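Positions are given from 1 along the sequence. Small disclaimer: the values here were computed from a predicted structure and weren't measured.
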Amino acid sequence: MLGENHSLVNEFPKYQDLIAKLSADDEKFAADTRRYNALDEEIRNLELDGAPIDDEAMHQLKHDRAELKDILYQRLITEK
């Protein structure tokens, strides 16, 4: 669905407290989370504006978001 919010907390609501803790305590996790959420916001805005970029560029943004999501998820499950 276009314009859907895929922020880290929305994607992993059961890890909301852990996301907040790691974001406060671990600068690498916090930086990756900020980058992930910024990418998600950029993608959402582009989708809502009719995707004024080419398909390859949009695919790359979504790929980068997915890679970061995987990295962050792995960190969440190891800290659990």
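In terms of heavy atoms, E27 sits closest to R34 at OE2-NH2, 2.8 Å. The heavy-atom pair separating I53 from M58 by the smallest distance is CD1-N, 3.5 Å. Shown here for F29 and I19, the closest heavy-atom pair between the two residues is CE2-O, 3.8 Å. Contact between S23 and A30 at its shortest, heavy atoms only, is O-CB, 3.2 Å. Considering all non-hydrogen atoms of both residues, D40 and E4 come closest at OD1-O, 4.2 Å. In plain terms, the two heavy atoms of R65 and L39 that are nearest each other are N-CD1, 3.8 Å.
Rounding to the nearest 0.5 Å places CG of D49 at 12.0 Å from CZ of R44.
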What verdict does the side-chain hydrogen bond (donor to acceptor under 3.5 Å, both in side chains) test give for Q74 and D70, after you've listed the backbone C-alpha separation in whole Å, the side-chain angles of each residue and the deciding distance to 0.1 Å?
CA-CA 6 Å; Q74 289 303 313; D70 289 343; over 6 Å; no
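A donor-acceptor contact closer than 3.5 angstrom is absent between the side chains of E41 and N37.
Partners of D25 by side chain to side chain donor-acceptor pair (under 3.5 Å), not counting sequence neighbours, listed by chain and number: K21.
L76 has its side chain within reach of L22: a pair of non-hydrogen atoms, C-beta onward, lies under 4.5 Å apart.
A salt bridge between D26 and R75 is present, with a side-chain N of the basic residue lying under 4.0 Å from a carboxylate O of the acidic one.
Under the 4.5 Å side-chain contact rule for hydrophobic residues, L61 and I71 do not share a cluster.
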Please table the atom pairs, donor to acceptor, closer than 3.5 Å between any side-chain atom in residues 7-15 and protein atoms at least two apart or in another chain.
{"residue": "S7", "atom": "OG", "partner": "N5", "partner atom": "OD1", "Å": "3.3"}
{"residue": "S7", "atom": "OG", "partner": "N10", "partner atom": "N", "Å": "3.4"}
{"residue": "S7", "atom": "OG", "partner": "N10", "partner atom": "ND2", "Å": "3.4"}
{"residue": "N10", "atom": "ND2", "partner": "N5", "partner atom": "OD1", "Å": "3.3"}
{"residue": "E11", "atom": "OE1", "partner": "K69", "partner atom": "NZ", "Å": "2.4"}
{"residue": "E11", "atom": "OE2", "partner": "H6", "partner atom": "ND1", "Å": "2.8"}

